[in-house]
Amino acid sequence: MATSTHKLILAFFLLISIFTSQVHGEEECQADSAGSCVDKKAALPLKIIAIASILVTNMIGVCLPLFSRSIPALSPDRDLFVVVKAFAAGIILATGFMHVLPDSFDMLWSTCLPETPWHKFPFTGFVAMLSAIVTLMVDSMATSVYTKKNSVGIKPADNETDQDAEMAVVNAPQGHFHGHHHGPAASKDQPVGAQLLRYRVVAMVLELGIVVHSVVIGLSLGASNNTCTIKPLVAALCFHQMFEGMGLGGCILQAEYKLAKKAIMVFFFSVTTPFGIALGIALSNVYKENSPDSLITVGLLNASSAGLLIYMALVDLLAADFMGPKLQGSIKLQLKSYAAVLLGAGGMSLMAKWA
């Protein structure tokens with residue numbers, strides 16, 4: 001699963017590079033005038049600073065949860081971890097609704113695009129909806145395939161019904177099974193393994209959505225020569241990417257990958273936005289961010305990324321936790337988690353003013 005997803009991410013990088021190198025024969029649509037703010041020479045140092053600062057904040061954000069095991073209060077089985085995860089889920093939800101989706105609407109409804117078909121049909125909502133459905137399919141089918149693959153040959157004891165086996169696993173504490181037990185312990189590997197696989201599927205699909213979004217915003221920043229927008233955008237993106245990384249890092253932590261896979265996932269998340277900025281700088285002479293081809297391609301990518309992020313935040317992060325036994329067993333913890341979701345979503349929504 002991890003290898004195939006990383007190959008898909010690499011293929012996406014290649015496609016973006018090929019596309020942006022092709023967008024040079026088209027005249028850029030001058031939707032508005034930036035006046036004296038456009039200064040290519042002054043913008044370059046700001047972009048270099050952006051690459052370094054965003055790379056550092058990306059690494060800090062995604063690595064913080066991974067080192068939380070050394071802090072007992074932040075271990076995955078503690079209440080504080082659940083609250084922090086809810087905060088991060090709120091950030092990811094707001095990223096989809098308040099940052100990526102509006103950008104897609106703006107691009108696909110741009111006056112630079114022809115009236116037909118772009119102003120006749122809500123392509124952003126349609127593509128976001130399809131993206132959410134496809135994400136559901138990938139999420140469900142990947143979980144089913146890998147669960148079956150890891151449950152071959154595991155059967156409950158003869159004197160135990162399926163319902164008894166299931167209830168025994170639900171009620172038993174995780175991580176305290178021993179091989180010499182009979183009955184419920186005989187079927188322990190399948191449900192525990194299935195839960196772990198769920199975490200791994202969630203981490204992989206979430207990273208894919210974040211990577212698409214991160215490359216696109218990096219590309220836009222790198223191609224821009226407007227110093228008036230670059231300065232506040234860099235600061236906003238640093239906070240945006242750091243908190244988004246915290247959400248992804250929490251999912252990677254729960255997936256319990258080996259060190260090498262954790263390092264690969266951290267690497268991909270950390271370098272995607274800087275990669276996009278560098279690609280935008282390299283192609284700034286030929287890539288026109290307001291050309292019709294650019295607006296259509298980036299707008300559709302943003303719409304698909306928004307659908308994926310919204311689905312993951314609502315279904316795999318928020319609903320999975322809030323409908324789970326830990327939060328269902330404590331109204332107080334639910335209220336704390338709701339407050340954390342609102343705080344994360346509210347903070348990220350406020351950043352939409354600048355980024």
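By convention here, the first residue in the shown sequence is residue 1. No hydrogens, no waters, no symmetry mates; every other heavy atom, side chains included, goes into these values.
Side-chain atoms of Pro65 and Ile252, non-hydrogen and from C-beta on, never get closer than 4.5 Å to each other. Contact annotation: the side chain of Leu66 approaches that of Val266 to within less than 4.5 Å [non-hydrogen atoms, C-beta and beyond]. Inter-residue side-chain proximity for Val216 and Ser305 is flagged as unmet; no heavy-atom pair is nearer than 4.5 Å. Contact check for Leu343 versus Phe87: side-chain heavy atoms found under the 4.5 Å cut-off. Side-chain contact between Met107 and Trp118 is absent, with no heavy-atom pair separated by less than 4.5 Å. Looking at heavy atoms from C-beta onward, Met98 lies out of side-chain contact with Met351 at the 4.5 angstrom threshold. Counting only heavy atoms from C-beta outward, the side chains of Leu314 and Ile310 approach each other to under 4.5 Å. The shortest distance between side-chain heavy atoms of Ser110 and Asn290 does not fall below 4.5 Å.
Under the 4.5 Å side-chain heavy-atom criterion for ILVMFWY residues, no single connected hydrophobic cluster contains both Ile331 and Leu80. Val298 and Phe126 fall within the same hydrophobic cluster, defined by Ile, Leu, Val, Met, Phe, Trp and Tyr side-chain heavy atoms under 4.5 Å apart, directly or through other members. Residues Val56 and Phe243 share a single hydrophobic cluster, defined by chaining ILVMFWY side chains whose heavy atoms lie under 4.5 Å apart. Both Val134 and Ile92 sit in one connected hydrophobic cluster of ILVMFWY residues. Membership requires side-chain heavy atoms under 4.5 Å apart, directly or through other members. When hydrophobic clusters are built by joining Ile, Leu, Val, Met, Phe, Trp and Tyr residues whose side-chain heavy atoms come closer than 4.5 Å, directly or via intermediates, Leu233 is grouped together with Leu44.
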>> Could you walk me through whether Leu295 and Leu108 satisfy the side chain to side chain contact (heavy atoms under 4.5 Å, CB included) test, starting with their C-alpha distance in whole Å, then the side-chain angles of each, then the deciding distance to 0.1 Å, before giving a yes or no?
In response: CA-CA 7 Å; Leu295 288 169; Leu108 297 182; 5.9 Å; no
>> Quick one, Leu253 with Phe81, criterion side chain to side chain contact (heavy atoms under 4.5 Å, CB included). Give me CA distance, side-chain angles, the key distance, then yes/no.
In response: CA-CA 11 Å; Leu253 176 65; Phe81 180 84; 3.6 Å; yes
>> Does Asp321 form a salt bridge (Lys or Arg N to Asp or Glu O under 4.0 Å) with Lys326? I'd like the steps, not just the answer.
In response: CA-CA 8 Å; Asp321 282 349; Lys326 191 174 184 68; over 6 Å; no
> Going through the checks in order, is the side chain to side chain contact (heavy atoms under 4.5 Å, CB included) test met by Leu46 and Val234?
Replying inline: CA-CA 8 Å; Leu46 295 175; Val234 171; 5.6 Å; no
> Should Val205 and Leu308 be marked as a side chain to side chain contact (heavy atoms under 4.5 Å, CB included) after you check the CA-CA gap, both sets of side-chain angles, and the distance that decides it?
Replying inline: CA-CA 8 Å; Val205 177; Leu308 190 155; 4.3 Å; yes
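Of all the heavy atoms in Val202 and Met312, the pair that sits closest is O-CE, 3.3 Å. Across Ala203 and Leu248, no two heavy atoms sit closer than the pair O-CD1, 3.8 Å. When all heavy atoms are compared, the tightest approach of Ser104 to Asn302 is CB-CB, 3.8 Å. For Val201 against Asp139, the heavy-atom pair with the smallest separation is CG1-OD1, 3.3 Å. Nearest approach of Cys251 to Leu206, heavy atoms of both residues: SG-CD2, 3.7 Å. Closest approach of Lys47 and Leu221 over heavy atoms only: CE-O, 3.8 Å.
The environment of CZ in Phe239 is sparse: at most 12 heavy-atom neighbours from other residues, nucleotides or ligands sit within 6.0 Å. Counting non-hydrogen atoms of neighbouring residues, nucleotides and ligands closer than 6.0 angstrom, the CE atom of Met59 reaches no more than 12 such neighbours.
Put simply, CG on Leu335 and OG on Ser330 are 8.5 Å apart, with the number rounded to the nearest 0.5 Å. Atom-to-atom distance recorded for Asn58:CG and Ile210:CD1 is 10.0 Å, nearest 0.5 angstrom. Here Lys231 contributes atom NZ and Ile49 contributes atom CD1; the two are 10.0 Å apart, rounded to the nearest 0.5 Å. With rounding to the nearest 0.5 angstrom, the CD atom of Gln254 is 9.0 Å from the CD atom of Glu256. With rounding to the nearest 0.5 angstrom, the CD atom of Gln334 is 5.0 Å from the CD atom of Gln328. Residue Ile277 holds its CD1 atom at 4.0 Å from CD1 of Ile54, rounded to the nearest 0.5 Å.
Without hydrogens or angle criteria, Tyr311 side chain to Ala306 main chain gives no donor-acceptor distance under 3.5 Å. With hydrogens and angles disregarded, a donor-acceptor distance shorter than 3.5 Å links the side chain of His99 to the backbone of Met348. Although no hydrogens or angles enter the test, the distance criterion places a donor-acceptor pair under 3.5 Å between the side chain of Ser349 and the main chain of Ala345.
A perpendicular orientation is assigned to the rings of Phe121 and Phe123, their planes being inclined by more than 60° (bins at 30° and 60°).
Under the 3.5 Å distance criterion, with hydrogens and angles disregarded, a donor-acceptor pair is assigned to the side chains of Thr273 and Gln241. Defined by atom type and a distance below 3.5 Å, a donor-acceptor pair is missing between the side-chain atoms of Ser131 and Ser304.
Look at Arg198 and Asp316 and you find a salt bridge, because one of the NZ, NE, NH1 or NH2 atoms lies within 4.0 Å of a carboxylate O, short of that distance.
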